[in-house]
Amino acid sequence: MTGHPRPPQPPPGPPPRVALWRMRTLRRNSLRRRTDVIRAWAGIVLLLVVPAAAPVAALLVGDAAMRHYEDTARHQRETRYQATATLTRDAPRHPEPGSEEEKETRYPVEVRFITREGRTRTTRTEVRPGLPAGSKVRIWVGADGEATEPPMSRGQIRSRGMGWGLLAAIGVALGGAAAHAATVLALHRRNLAAWDAAWAETAPRWTTPT
């Protein structure tokens, strides 16, 4: 009598979750080594420490970075000022007039402006494509009398501080992962050394003729 073949059966033994539970409860297994206990505790400690330390590191580093950039922005506001500059030559034209790319493109050109001290100076700054010579533009001037970027805004300060905080949190996570990997590697080498020593003691019993 022929029938339908039996479907594949799972291998004998407890389900994976049950097996995992039993592995966790075999704390006094004779096969357990001291290095296994150290490795397990190292993993538990890192699992608890890293999630707790990462936000703290992000907060501390982010706050320190924001205070640093706030001081930098304050110094920039004290040493930089705006001036009206005049283009000394035509700015290059964009190859695609009216395109979205043209609206975002800036070309460096030479401009002339009067400093706070009343001196006439020339510098280079970036302007929109196609501006003719004689056009007026507003520029930021640094302590060296050259065109520079405007002082950092509050949004820039916040984004940079958050960026450093994020990097600090990632650094803690990577440091924890590196510490765990180093621990596992050291324990593995210790196990290999123990196995070599045990085999050196046991091998003669198997290889020496009686």
Side-chain angles (χ1 to χ4, degrees), residues 15-29 31-82 100-101 103-108 123-126 138-198:
R17 292 184 179 179
V18 177
L20 181 59
W21 173 256
R22 288 185 178 180
M23 290 177 62
R24 292 176 178 175
T25 55
L26 291 177
R27 298 179 180 177
R28 296 186 179 277
N29 192 323
L31 298 178
R32 186 193 66 180
R33 299 159 299 185
R34 183 180 180 183
T35 53
D36 296 331
V37 178
I38 297 176
R39 178 176 178 176
W41 275 110
I44 293 173
V45 170
L46 288 174
L47 188 63
L48 295 176
V49 170
V50 170
V56 175
L59 180 62
L60 294 177
V61 173
D63 182 68
M66 286 193 63
R67 284 189 276 108
H68 166 73
Y69 287 120
E70 285 174 352
D71 292 340
T72 302
R74 187 180 304 110
H75 180 265
Q76 290 175 345
R77 289 191 295 270
E78 293 173 353
T79 57
R80 299 179 183 182
Y81 62 94
Q82 280 189 298
E100 291 296 325
E101 184 181 357
K103 297 178 182 179
E104 300 178 1
T105 301
R106 296 294 182 268
Y107 290 112
T123 186
R124 296 182 69 83
T125 189
E126 294 185 347
R138 295 287 287 176
I139 62 172
W140 281 91
V141 182
D144 58 356
E146 300 292 337
T148 186
E149 297 292 330
M152 284 188 293
S153 65
R154 188 65 185 175
Q156 291 174 320
I157 295 173
R158 187 182 302 108
S159 64
R160 294 185 183 187
M162 292 176 61
W164 279 107
L166 179 60
L167 288 177
I170 294 175
V172 171
L174 292 178
H180 183 265
T183 301
V184 171
L185 180 60
L187 294 175
H188 180 64
R189 290 179 175 176
R190 182 173 179 179
N191 287 337
L192 291 178
W195 289 336
D196 289 340

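We're numbering straight along the sequence, starting at 1. Computed from a prediction, not measured in an experiment: that's the story for all the values here.
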Just jot down the side chain to side chain donor-acceptor pair (under 3.5 Å) partners of R74, sequence neighbours excluded, or say none.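 For R74, the residues satisfying side chain to side chain donor-acceptor pair (under 3.5 Å) (neighbours in sequence not counted) are D71.
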Working to the nearest 0.5 angstrom, can you tell me the gap between Y81 OH and I139 CD1?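 Separation between the atoms: 8.0 Å.
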Only pairs at least two apart or in different chains count here, so list each side chain to side chain donor-acceptor pair (under 3.5 Å) that has a residue in residues 158-169.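 Residue pairs with at least one partner in residues 158-169: Y69-W164.
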Could you name each residue pair satisfying salt bridge (charged side-chain N to carboxylate O under 4.0 Å, His left out) that touches residues 165-187, not counting sequence neighbours? none
In residues 59-66, what donor-acceptor pairs under 3.5 Å come from side-chain atoms, sequence neighbours left out?
| from | atom 1 | to | atom 2 | distance (Å) |
| --- | --- | --- | --- | --- |
| D63 | OD2 | R67 | NE | 3.1 |
| D63 | OD2 | R67 | NH2 | 3.2 |

Side chain to side chain contact (heavy atoms under 4.5 Å, CB included) assessment of H180 paired with V184: CA-CA 6 Å; H180 183 265; V184 171; 3.5 Å; yes
Could you give the side-chain donor-acceptor pairs of residues 46-54 under 3.5 Å, partners two or more places apart or in another chain?
none

Using atom types as modelled and distance alone, determine if a side-chain donor or acceptor of T123 lies under 3.5 Å from a backbone N or O of A147. yes
Taking all non-hydrogen atoms of both residues, which atom of Q82 and which atom of W140 are closest, and how far apart?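 So the two residues come closest at CG-CE2, 3.3 Å.
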Measure across G165 and A58 and return the closest heavy-atom pair with its distance rounded to 0.1 Å.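 The pair with the smallest heavy-atom distance is O-CB, 3.2 Å.
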Side chains of residues 148-157: which donor-acceptor partners sit under 3.5 Å, not counting sequence neighbours?
| from | atom 1 | to | atom 2 | distance (Å) |
| --- | --- | --- | --- | --- |
| S153 | OG | Q156 | N | 3.3 |
| R154 | NH1 | E70 | OE2 | 2.7 |
| R154 | NH2 | E70 | OE2 | 3.2 |
| Q156 | OE1 | S153 | N | 2.9 |

Please indicate whether R138 has more than 12 foreign heavy atoms, meaning atoms of other residues, nucleotides or ligands, lying under 6.0 Å from its CZ.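 Atom CZ in R138 is crowded, with more than 12 foreign heavy atoms closer than 6.0 Å.
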